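Only one structure is covered here, and it is reproduced in the block below.
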Amino acid sequence: MATSASVKQILGDLNKDSFVTLLGKLIGESKYVQNNPPELIPEEDRIVNHVLDTLLPYSTTTGGGPLIINHVTYKPNRGNLIVEYPGTQPGKILSFVGMHMDVVTANPDDWEFDPFSLSIDGDKLRGRGTTDCLGHVALVSELMRRLGETKPQLKSTVVAVFIASEENSSIPGVGVDALVKDGLLDKLKQGPLFWIDTADKQPCIGTGGSIPWKLHVTGKLFHSGLPHKIHWALVLLDASGDQGRIYLGSRGSPEPPRRKNYTVLIRSDRHLFPEEKKLTSTPFINLNPWWRVPIVCTHLLTSELVGTYVILTIKSTYNASSQKAINPLELAMEALKEIQSRFYRDFPAHPKEQVYEFATPSTMKPTQWFYPGGGINQIPGECTVSGDVRLTPFYNVSDVMKKLQEYVDDLNANIEKLDGRGPVSKYVLPDENLRGRITISFDEASSGVACDLNSRGFHVLCKATKEEVGHVKPYSITGTLPLIRDLQDEGFDVQTSGYGLMATYHAKNEYCLLSDMCQGYRVFASIIAQLED
């Protein structure tokens with residue numbers, strides 16, 4: 001049997017020329033493995049074919065070596081690849097999983113170089129997928145090729161699982177979820193599983209959960225300027241002259257009909273305020289429903305007879321009660337502020353976040369704002385604010401969603417208690433029996449992961465990292481890796497690492513460093529060697 005030292009010696013260092021050649025072929029396919037349905041559906045078999053070209057010469061399929069290769073496809077052109085180097089001791093196993101063969105989208109117009117072909121700038125290997133995750137596909141392929149080529153006598157079986165459909169889960173049953181469902185990964189539970197899809201060469205020991213939310217707010221559509229500026233009004237009185245109805249308009253609007261002998265034309269440039277000599281208290285009938293606000297005539301100053309009309313000059317005072325809009329934008333801002341305050345009160349920083357080196361606690365924040373459109377002088381009738389909760393794995397996703405719904409229910413019941421935005425901002429119109437309303441909905445949520453810090457897999461990864469990188473500093477992020485939580489829930493001992501660059505993850509001008517990939521290869525060799533002891 002090979003010793004730990006001899007395994008590392010046999011596996012040696014990464015074959016840079018072979019790695020770069022394979023990576024160049026993979027990046028050349030990256031345009032066709034962008035994952036953004038329905039417009040862009042990746043064809044991962046384009047990547048599979050290049051990996052097969054590398055490994056088949058050392059496989060049982062061709063008779064050239066010990067590698068057992070299983071190409072598993074659930075959707076046309078969207079395969080997964082399971083590659084096994086068999087060990088001698090039953091039940092002793094380790095695996096490298098998560099090297100996915102799809103990428104996020106890239107717009108060549110936004111890049112300084114072609115994202116869909118590999119370019120080299122010194123130590124930089126540039127192109128979409130170099131960091132996430134085609135670089136890892138090439139790296140683990142080279143590891144398995146080397147095992148198949150050198151045939152070391154290992155106790156442990158080494159398995160590599162190259163997966164489809166990691167970047168977008170809108171089409172289910174394609175990648176690792178289907179492999180798990182079919183039991184094709186069950187035997188990997190017998191040993192540590194290393195998920196190779198993070199960055200910066202250090203163990204990533206914690207990830208966040210995600211709860212995408214939408215806060216829909218309903219108000220009342222209204223003209224933004226009219227409640228603050230009245231240019232004319234016509235009061236139609238009954239025979240007694242005590243009460244009647246008011247017509248209201250603004251510049252450019254048609255005049256309402258006049259009635260002989262009992263009409264009064266009122267000139268006013270402001271809202272009419274109920275003080276003295278009330279002439280009417282009933283809502284006016286407006287020619288244009290945009291301008292429906294109740295108005296009352298008050299404090300007669302002068303009168304002048306002009307034909308059959310009396311021109312009245314009215315003392316008028318601005319009246320907040322005449323504001324007849326419910327501004328959903330203001331309501332959304334105030335409601336979200338209150339919801340966020342309650343969230344941070346109920347889900348504060350957790351003590352375990354320090355143990356796992358989380359850079360941030362759980363957060364709730366808006367990221368998008370939608371409204372139906374309209375003129376700048378129009379208060380819309382509704383709007384939607386969207387965002388996400390990023391939740392450290394020490395809180396339960398279902399508990400948070402339940403709390404958020406409770407917050408919204410309470411706000412709807414007490415919406416008049418929310419702070420307003422100025423003297424005419426209000427969320428309840430009693431005269432019209434209208435209340436602003438908030439609803440919350442959720443898209444698919446996922447839970448975070450806290451890796452087992454007591455497992456052999458974690459200690460082996462840390463030791464290998466310290467040996468080959470020079471230091472070990474595990475970290476956690478509130479980015480999501482929902483697939484590994486599913487594996488953990490299924491009973492796998494999941495540890496995570498990666499050898500691209502976090503700074504270029506999903507970014508324009510993506511690249512990785514060849515020197516980092518070389519260190520990653522040696523970390524893998526060290527893991528295999530340690531697990532022989």
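This structure is a prediction, so every number in the text was calculated from the model and none was measured.
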side-chain contact (heavy atoms from CB on, under 4.5 Å) partner of [X], the single match among [options]:
X	options	answer
Val217	Thr439, Leu329, Leu331, Asn327	Leu331
Ser95	Thr157, Val158, Val159	Val159
Thr61	Asn70, Leu67, Leu56	Leu56

Using a strict threshold of under 4.0 Å (side-chain N to carboxylate O), is an ion pair present between [Y] and [X]?
X	Y	value
Asp419	Lys337	no
Glu142	Arg146	no
Glu330	Arg421	no
Lys8	Glu467	yes
Asp493	Lys189	no
Asp516	Lys201	yes
Asp346	Arg342	no

Please round to the nearest 0.5 Å and tell me the distance separating atom [atom1] of [X] and atom [atom2] of [Y].
X	Y	atom1	atom2	result
Glu510	Thr130	CD	OG1	4.0 Å
Phe458	Ile205	CZ	CD1	5.5 Å
Arg78	Arg46	CZ	CZ	13.0 Å
Met101	Glu29	CE	CD	12.0 Å
Leu55	Leu81	CG	CG	7.0 Å
Glu166	Leu481	CD	CG	6.5 Å

Exercise for the section: Return yes when atom NZ of Lys365 has more than 12 non-hydrogen atoms of other residues, nucleotides or ligands closer than 6.0 Å, and no otherwise. Expected result: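 Yes, NZ of Lys365 has more than 12 neighbouring heavy atoms, counting only those of other groups under 6.0 Å.
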Problem - Check: Phe343 ring centroid to Tyr407 ring centroid under 6.0 Å - result: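 No - the distance between ring centres of Phe343 and Tyr407 does not fall below the 6.0 Å cut-off.
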Practice task
Step by step, work out the side-chain contact (heavy atoms from CB on, under 4.5 Å) result for Leu147 and Lys151.
Solution key: CA-CA 5 Å; Leu147 285 169; Lys151 305 180 183 66; over 6 Å; no
So, [X] versus [Y]: side-chain donor-acceptor pair below 3.5 Å or not?
X	Y	value
His459	Asn454	no
Tyr505	Asp197	yes
Asp102	Asn35	yes
Glu167	His506	yes
Asp182	Tyr74	yes

Practice task
Show the numbers, then the answer: is there a side chain to side chain donor-acceptor pair (under 3.5 Å) between Ser455 and Gln495?
Solution key: CA-CA 9 Å; Ser455 79; Gln495 304 295 327; 3.0 Å; yes
Exercise for the section: Might you work through the side-chain contact (heavy atoms from CB on, under 4.5 Å) test for Met364 and Phe347, ending with a clear yes or no? Expected result: CA-CA 10 Å; Met364 178 186 183; Phe347 303 97; over 6 Å; no
